[in-house]
Protein chains: 2
Amino acid sequence: MGTTQLETAPEPKYWHLKTVLSDALDTEFAVGEILPNERDLAARFGVARATLRQALEQLELEGRLQRRRGVGTTVAPPRLGVAVDPARHTWPGAAGDDWQPVAASETDEVPAAVARLLESAPGETVHVVRRSRVSAGQPVAAELLYVRTDTVPDCVDAAAVAPDGHAHAVLRALQALDLDGQDRTVELGSARAEDARQLDRLPGSPVLVVTTRYVSRGRTAAVAVSTYRADTCRLTFGERTAQPVLAG
Amino acid sequence: MGTTQLETAPEPKYWHLKTVLSDALDTEFAVGEILPNERDLAARFGVARATLRQALEQLELEGRLQRRRGVGTTVAPPRLGVAVDPARHTWPGAAGDDWQPVAASETDEVPAAVARLLESAPGETVHVVRRSRVSAGQPVAAELLYVRTDTVPDCVDAAAVAPDGHAHAVLRALQALDLDGQDRTVELGSARAEDARQLDRLPGSPVLVVTTRYVSRGRTAAVAVSTYRADTCRLTFGERTAQPVLAG
DNA sequence: TAGTGGTCTAGACCACCCA
DNA sequence: GGGTGGTCTAGACCACTAC
């Protein structure tokens, strides 16, 4: 055994590539700068395009790169810190929140997980309000807010009154109720078609799914499913919002 | 124009495959059951293995599947709800927390983002404690806890005293301090080699990175970077821990 | 040793953006 | 129309697990 090989870890090519590219991004590129195209990069590193893409995908996942079909690959700015409920225990739609209602309707198509949280019977209809959150000029999150019909009884006819009045009627009705509290979960998901469109991403892009439960009079009155772009967002809890990022 | 084609959305094959597989998982498979291998599945659906894998990767990302090299692909159980600080404002290592110290040392290799939070000078050494979190019998998170040396001055020599005493000495010293508060961020990352090993995953697997800042006497005393398995974990904030999942 | 998922290749075509 | 990233193919070999 002449060859002393300590830890001949056969590091995958794409992994090594990712490291090299990551270092290059730190030292040789500025935010917003366009990288060479994938075919050229692959040739330069002597790998197949698929392998190069595997490295780029990881870097995009970590928020280091931004890729747009027909345009190119650019160096992404640091992730945007977005506050998830700034410790204000308020209903959605309260004065000063960062969401804009987009549409609203009444439906009985409630995802099973949401129906369970709402304690709604199968087939029971609920209000559903689609909202959008914009921060620093770009869309960061899409939301579906599910509200039990019986918690906002005054809204039953309000929908018919104004063309876009339904969303506002529901949100306004919520403000009048007591809010006992809220709790929240965060998990990884992939953007469904409609959310992806709203977030200006491709379907299947990684997203952070925040599920918020609003409790009133000891019962779950509403459930919000908020879908944040995982590539560009850093969710913040508490006071801090400024600092950049650690990922990867 | 005889062909009336409303929205001929050319849905990618892997996307459609994902939908089909997802439905099949709901109706025809039980948790823990082993799927046919990738080559057979690809043949059955008439696609290349790479395409089939693209669908499987998404389903794994959403926590629906679990894949292990040399073994096979199994149906994953619902994601595990793990509480991220149950609203108890305590130092890490407080009685009853779910973390186990693994190792500790003093180092000056502090990630830039952490150094910024700690307000530590470049080259300044800090204590770093590696911890592990196990829930329901499986590892769910790996953590690196960075503590300013000057906030726990009694630890300088404690490290030499006991073989594994360093970690405990640092954690014990923290308990004696006043804790003004903490704040937190959550973002998507990919597991680095050491974390991946600790989490029983491959390097690069998607993880949820929780960065917690501990403030004492108006200064940042410690920063914890906790890396949770994104495929198996749902982070919970607040009281709720039980309910299953919505993702994808 | 046989079977699994993980990596990699060298092509091809498509959808999209912009000049 | 030319260039970009996105999808897809049909192979090959490797690393790991279990028998």
Side-chain angles (χ1 to χ4, degrees), chain A residues 5 7-19 21 33-61 64-76 190-191 193 196-197 200-206 231, chain B residues 5 7-19 21 33-61 64-76 190-191 193 196-197 200-206 231:
Chain A
Q5 43 176 16
E7 299 204 45
T8 318
E11 199 177 46
K13 278 190 187 178
Y14 79 91
W15 185 260
H16 180 244
L17 246 185
K18 187 190 122 177
T19 309
L21 286 171
E33 199 168 341
I34 302 181
L35 267 63
N37 71 54
E38 297 183 348
R39 289 161 181 87
D40 286 353
L41 275 180
R44 181 177 312 187
F45 287 108
V47 299
R49 190 179 156 216
T51 305
L52 185 269
R53 277 180 62 81
Q54 212 171 340
L56 294 184
E57 266 150 33
Q58 285 238 359
L59 289 170
E60 189 179 28
L61 196 80
R64 306 289 311 274
L65 292 179
Q66 206 159 336
R67 300 193 288 171
R68 274 178 303 170
R69 171 159 49 181
V71 179
T73 302
T74 59
V75 181
S190 50
R197 207 175 317 125
D200 191 25
R201 294 258 62 197
L202 290 178
S205 327
D231 55 345
Chain B
Q5 44 175 14
E7 299 205 45
T8 317
E11 200 176 45
K13 279 190 188 178
Y14 78 90
W15 185 259
H16 180 243
L17 247 184
K18 186 190 126 179
T19 309
L21 286 170
E33 199 167 339
I34 301 181
L35 267 61
N37 72 54
E38 296 184 350
R39 289 160 180 87
D40 286 353
L41 275 181
R44 181 176 314 187
F45 287 107
V47 299
R49 190 179 156 216
T51 305
L52 186 269
R53 276 180 62 81
Q54 212 172 339
L56 294 184
E57 266 151 33
Q58 285 238 0
L59 289 170
E60 190 179 30
L61 197 80
R64 305 289 310 273
L65 293 178
Q66 205 159 338
R67 299 193 290 171
R68 272 178 304 170
R69 171 158 48 179
V71 179
T73 301
T74 58
V75 180
S190 51
R197 207 176 315 124
D200 191 26
R201 295 258 62 196
L202 290 178
S205 325
D231 55 345

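Throughout, protein chains are lettered first and strands after them, A, B, ... in sequence-line order, and every chain is numbered starting at 1.
- In this structure, CD in B/E60 is found 8.0 Å from OG in B/S205, a value given to the nearest 0.5 Å.
- If you measure from atom CG of B/L41 to atom P of C/dT4, you get 11 Å, rounded to the nearest angstrom.
- Between B/R53 and the phosphate of C/dG6, there is a side-chain N or O to OP1/OP2 separation shorter than 4.0 Å.
- In this model, the phosphate group of C/dC17 is not approached by any side-chain N or O of A/R68 to a distance below 4.0 Å at OP1 or OP2.
- The separation between A/R201 atom CZ and D/dG6 atom C1' is 12 Å, rounded to whole Å.
- Position along DNA chain D of the nearest nucleotide to B/R49 versus B/Q54 favours B/Q54 as the more 5'-ward residue.
- Looking at A/R39, its side chain comes within 3.5 Å of the base of D/dG5 through a donor and an acceptor atom.
- Side-chain atoms of B/E57 and B/Y14, non-hydrogen and from C-beta on, never get closer than 4.5 Å to each other.
- By the 4.5 Å heavy-atom criterion applied to side chains, B/L65 and B/L35 are counted as neighbours.
- Candidate nucleotides D/dT9, D/dG6, D/dA12 were compared by shortest atom distance to the side chain of B/V47, and D/dT9 ranks first.
- Close to D/dT7, at under 4.0 Å from its OP1 or OP2, lies no side-chain N or O of B/T51.
- A straight line from CD of A/E57 to C1' of D/dG6 spans 10 Å, rounded to a whole angstrom.
- For A/R69, whose side chain is taken as the heavy atoms from C-beta onward, the closest listed nucleotide among D/dG5, D/dA18, C/dG5 is D/dG5.
- Along DNA chain C, the nucleotide nearest to A/G70 and the one nearest to A/A48 differ in position, and the one closer to the 5' end is contacted by A/A48.
- If you take CH2 of A/W15 and C1' of D/dA15, they are 17 Å apart, rounded to a whole angstrom.
- A close approach under 4.0 Å does occur between a side-chain nitrogen or oxygen of B/Y14 and OP1 or OP2 of D/dT7.
- The shortest side-chain heavy-atom distance between B/F45 and B/T51 does not fall under the 4.5 Å cut-off.
- Counting to the nearest Å, the P atom of C/dC17 and the CG atom of A/L202 are 10 Å from each other.
- Put simply, NZ on A/K13 is 12 Å from C1' on D/dC14, counting in whole angstrom units.
- Residue B/T73 places at least one side-chain N or O closer than 4.0 Å to OP1 or OP2 of C/dG5.
- Between B/K18 and B/R64, the closest side-chain pair of non-hydrogen atoms is not below 4.5 Å.
- The shortest distance between the side-chain N/O atoms of B/N37 and the OP1/OP2 oxygens of C/dT4 is below 4.0 Å.
- Between A/L17 atom CG and C/dT9 atom P the separation is 9 Å, expressed in whole Å.
- In this structure, CD of A/E38 is placed 5 Å from P of D/dG5, rounded to the nearest angstrom.
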